Amino acid sequence: MQYNFKEIEAKWQQYWAKNQTFKASNHSDKQKFYVLDMFPYPSGAGLHVGHPLGYIASDIYARFKRHQGFNVLHPQGYDSFGLPAEQYAIQTGQHPAITTKTNIARYREQLDKMGFSFDWSREVRTSDPNYYRWTQWIFIQLFESYYCNDAQQARPIAELEEVFAKEGNANINAVCDEDVVSFSGEDWKNYADKEKQAILLKYRLTYLAETEVNWCPQLGTVLANDEIVNGVSERGGYPVIRKKMKQWSMRISAYAERLLQGLDAIDWTESLKESQRNWIGKSVGAEVEFRVQNSEFRVQVFTTRPDTIFGATFMTLAPEHDLVLKITTPDQKEAVEAYIEKTSKRSERDRMADVKTISGVFTGAYAEHPFTKEPVPIWIGDYVLASYGTGAVMAVPCGDQRDYDFAKHYNIPIKNIFKDIDISENAYAEKDCVIDNSDFLNDLPYKKATKRAIFELEKLGQGKGKTNYRLRDAVFSRQRYWGEPFPVYYKDGMPQMIDEKHLPIQLPEVEKYLPTEEGEPPLGRADVWAWDTEKNEVVSNDLIDEERVFPLELNTMPGWAGSSWYFFRYMEDSIRDEVFASQEALDYWQNVDLYIGGSEHATGHLLYARFWTKFLKDRNLVPIEEPFKKLINQGMILGESAFVYRIKGENRFVSKDLIGEGKVQPIHTDVSFVNLSNELDVEAFKHWRPEFKEAEFLLNENGKYIVGREVEKMSKSKYNVVNPDDICEDFGADTLRMYEMFLGPLEQAKPWNTAGITGVHNFIKKLWKLYHSNDALVVSEEKTSKESLKTLHKTIKKVTEDIENFSFNTSVSTFMICVNELTAQKCTSREVLEPLAVLIAPYAPHIAEELWQKMGHQESISRVAYPKFDEKHLVESNKNYPISFNGKMRFTLDLPLDLSKEEIEKAVMQDERTQKQLEGRTPKKVIVVPGKIVNIVG
RNA sequence: GCUCAAGUGGCGGAAUUGGUAGACGCGCUGGAUUCAAAAUCCAGUUUCUUCGGAAGUGUGGGUUCGAUUCCCACCUUGAGUACCA
């Protein structure tokens with residue numbers, strides 16, 4: 001029987017689906033193991049061969065763990081809310097739900113062809129109301145919580161209200177907005193309900209706040225930094241302005257320290273942890289208060305170098321700083337206003353990218369140095385960002401290069417406060433010197449000076465030690481249609497949560513997916529989008545009376561809402577209507593043991609998911625602190641683009657091997673027109689686009705047109721996309737799976753080259769042949785040769801180690817060597833061929849199942865115990881010693897392993913090749929490492 | 001600029017704790033089989049070479065009996081991030 005992969009693969013894919021082979025049980029005595037792929041967004045383009053790389057790796061691992069006797073959870077689903085479906089809806093009028101459904105069907109079809117062992121019974125879709133009701137539910141829990149700094153955890157907001165009523169907020173140590181005023185218990189009781197709500201909002205973990213955003217009036221939407229190019233929108237080129245908008249935010253900054261500390265306990269790559277650390281951006285220093293002369297205003301600055309405070313010769317405020325206009329003197333007013341105007345037109349990214357230009361304006365005002373009481377001029381400059389620290393710095397030109405450059409540029413004095421340090425050319429930012437010219441800090445090193453400075457500031461009441469984080473609270477509102485609606489209505493302008501039992505609040509129908517003419521989000525177009533507080537249902541807007549019926553929130557949630565908790569949803573298999581996941585399921589599965597996905601999620605998804613998990617833990621909703629124990633980033637698979645060469649100014653194309661000195665213009669051609677030998681299907685190319693129809697082709701001597709190749713990112717626009725369906729069709733899923741692994745280390749970027757796949761395909765065919773002779777199975781019960789057992793156990797050892805190290809590329813090589821050796825040994829022994837089938841099953845599951853069944857087994861191979869390595873088959877009596885001279889291997893010598901050092905040395909020195917190498921010299925030294933190497937020096 | 005990766009044949013890559021550099025595969029060359037092709041099989045394939053050998057893992061140093069592996073400096077490429085006070 002020939003190896004017929006189409007038949008075999010279809011057969012087993014059906015078998016697995018029918019028998020629910022990979023369904024995980026929530027009730028098992030086995031140890032659990034949870035393997036997860038990062039949530040895919042089902043795009044309209046479908047999958048290309050780069051996408052499944054991580055899925056194949058995680059599938060191999062999941063299958064391996066099943067063989068090892070674990071109860072494996074390996075689910076899959078879709079992050080199905082998102083912008084592309086909405087864009088498509090805007091263009092075509094097609095409801096995003098329909099587009100999404102079609103795309104998911106296509107994804108599923110492609111995934112099924114690759115033989116993944118997913119438990120599809122647990123599938124989730126973020127756009128499914130039954131799923132997003134729990135996203136809304138978590139949002140409500142966040143709203144009903146605040147962060148207590150004493151307990152270092154989230155607590156119910158009701159506790160806070162109790163304390164407020166009793167004693168006000170004087171003794172509350174909680175994370176809150178900066179502008180909270182202090183009040184007594186008596187005050188609280190006298191506040192109107194609306195006032196109370198406004199205060200509580202400043203403490204809630206999700207809150208409404210004015211946030212500065214990039215607003216594009218023409219598009220009626222907010223744009224992300226990377227959607228803006230040169231100050232105008234990437235799409236359409238419309239102007240973008242900085243605008244304050246009232247939006248929902250998440251108080252992730254409350255968790256900054258825990259998000260930082262938590263990294264130490266998880267098994268992620270150092271580079272990934274590093275980028276999260278940078279993102280969180282912890283810096284320790286002090287907050288210092290500078291009094292503005294002749295006024296009641298005070299400027300707070302944050303500094304990491306309080307030890308250099310005597311070197312502060314000026315201050316710089318961000319142009320947006322609240323105090324700027326208040327302190328500016330009349331004669332500087334014009335210049336300051338012009339500068340602010342100029343800055344507001346530059347995007348934050350613009351300002352940050354432009355490091356070289358130094359600009360700023362003097363406000364005319366002076367602050368008073370806290371210690372020397374000397375006047376310190378107050379400047380504004382756009383190198384200071386309003387969003388970091390306090391939006392103001394004390395400028396120490398001798399110790400900070402930017403302050404130094406600024407001072408030089410505007411002729412501000414530079415005071416040297418470092419002992420024996422030359423600052424005539426540059427600032428000195430190192431911390432390894434002694435302070436000078438600084439009153440009580442003189443002669444102190446960095447650490448002691450810092451401590452002393454903070455101590456003195458506190459004594460003065462003008463500062464304190466402070467830790468600052470770069471991590472900002474995350475904006476949670478989107479002016480979009482295709483996302484989760486908020487379970488929120490507005491009463492008297494204050495947000496009210498809809499009771500949990502009325503969830504989900506489903507997305508309303510709109511006739512267009514664009515913002516309204518008034519600039520409201522698309523939900524502003526919905527006619528039935530008001531909340532009836534008596535009937536507890538969504539009703540027509542006509543009924544809004546602000547007594548019983550109120551308007552609903554018009555924003556929707558961002559993409560990361562649904563993906564911040566989906567890994568918990570997979571744990572629940574039966575009572576999803578009642579809970580987001582049951583306590584029992586959560587206790588059993590705990591967290592994800594292995595998470596595989598792209599590194600583009602390093603600071604977005606992975607930070608938010610950690611944040612929500614910590615929050616849910618605080619509120620006793622989940623049992624764990626970190627969601628992903630081990631995480632691996634798979635590298636990108638790059639495409640090999642193909643180029644044809646058009647002679648400049650003509651419609652003639654010249655084959656790559658004929659390009660001489662003439663000027664040619666390379667043009668991308670679709671890789672599907674090119675065969676494995678880089679020859680172009682000229683007819684197909686001509687029919688591709690009308691402008692090529694009449695083109696002339698200069699072919700080489702063999703009558704072929706040869707294309708050029710270049711490695712680029714795999715993408716539709718570069719016409720270099722390779723579809724996994726085509727590969728499955730031509731070579732089969734087992735070959736595709738093994739080839740993707742064979743390409744190189746999982747975590748590295750590597751180019752896809754379809755030509756190379758024949759090597760792996762040949763290997764699979766050789767594997768099949770090993771079990772067959774003249775189309776019949778040849779597995780025998782005969783005694784196995786020592787040689788074959790050695791081959792088998794060598795393979796078991798290597799492959800097991802490789803899987804544990806996620807080194808899948810090397811195990812494919814190992815299988816090739818194994819099959820080559822067994823073929824040469826003419827091994828037909830069941831004792832070898834059965835374990836081999838199990839070893840290879842995680843990689844090539846279809847052929848493994850088929851061989852397993854042909855060998856007489858009724859059950860699927862997927863839970864057969866993994867073969868055990870036995871050292872005894874690898875024991876050798878001899879070693880082929882490499883004999884080196886001065887570290888260079890010159891020849892090898894076969895010697896028994898039980899020889900002593902002296903015996904080895906004797907044998908080596910007697911060898912005539914040794915004498916030849918030495919040419920009569922006497923060796924200075926002979927290094928003998930028994931079982932390894934001999935090195936002769938001299 | 002900073003942080004993190006990574007530089008090995010024509011190509012993808014291997015060498016797990018410092019111990020035979022180039023495993024395995026692609027491609028290429030030659031051969032067998034075939035009317036021919038596909039498929040399959042066999043042999044060869046780092047470079048130079050006076051055919052004895054010699055050199056060789058981005059560059060230059062260092063440690064070591066011995067370095068692709070460890071240390072220092074530099075170069076190149078990729079990814080992330082950015083005036084962070």
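Each chain gets a letter, A, B and so on, in the order the sequences are listed, and its residues count up from 1. Predicted model only: the values in this text are computed from it and were never measured. Just the heavy atoms: all of them, side chains too, but no hydrogens, waters or symmetry mates, feed the values below.
Glycosidic conformation of rG66(B) is anti; the angle lies outside 90° of 0. Taking the O4'-C1'-N9-C4 or O4'-C1'-N1-C2 dihedral as appropriate, rG52(B) has a value within 90° of 0 and is therefore syn.
Here Tyr410(A) pairs with Trp379(A), Phe406(A) under the ring pair (Phe, Tyr, Trp, His ring centres under 6.0 Å) rule; sequence neighbours left out. Remark: Tyr608(A) pairs with Trp560(A) by the ring pair (Phe, Tyr, Trp, His ring centres under 6.0 Å) rule, at least two apart or across chains. With sequence neighbours excluded, the residues forming a ring pair (Phe, Tyr, Trp, His ring centres under 6.0 Å) with Tyr739(A) are Trp752(A), listed by chain and number.
When the C1' atom is compared between rG56(B) and rU77(B), the two are found 22 Å apart, to the nearest whole Å. Atom name C1', nucleotides rC70(B) and rU76(B): the rounded distance is 22 Å, in whole Å. Atom name P, nucleotides rU8(B) and rA14(B): the rounded distance is 11 Å, in whole Å. The C1' atoms of rA67(B) and rG60(B) are separated by 16 Å, rounded to the nearest whole Å.
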Subject >> Heavy-atom protein contacts under 4.0 Å, nucleotides 3-16 of chain B, coded B base, S sugar-phosphate only, - none >> reply: SS-------BSS-B
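At least one test fails for Arg610(A) against the ring of Trp279(A): distance under 6.0 Å to the centre or angle within 45° of the axis.
When heavy atoms are screened at a 4.0 angstrom cut-off, Thr892(A) is found touching base atoms of the nucleic acid. Within 4.0 Å of Asp400(A), counting heavy atoms only, lies no atom of the nucleic acid at all. When heavy atoms are screened at a 4.0 angstrom cut-off, Asn880(A) is found touching base atoms of the nucleic acid.
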Are there any protein N/O atoms within less than 3.5 Å of an N/O atom in nucleotides 52-54 of chain B, and if so, which ones and at what distance?
| unit_1 | atom_1 | unit_2 | atom_2 | d |
| --- | --- | --- | --- | --- |
| rA54(B) | OP2 | Arg890(A) | NH1 | 3.4 |

Pick out the pairs of N or O atoms, protein on one side and nucleotides 37-46 of chain B on the other, that lie under 3.5 Å.
| unit_1 | atom_1 | unit_2 | atom_2 | d |
| --- | --- | --- | --- | --- |
| rU40(B) | OP1 | Asn762(A) | OD1 | 2.5 |

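Comparing rC24(B), rA85(B), rC26(B) against the side chain of Ile817(A) picks out rC24(B) as the nearest.
Under a 4.0 Å N-O distance rule, the pair Glu274(A)/Arg277(A) qualifies as a salt bridge.
Between Asn633(A) and rA79(B) there is no side-chain N or O to OP1 or OP2 distance below 4.0 Å.
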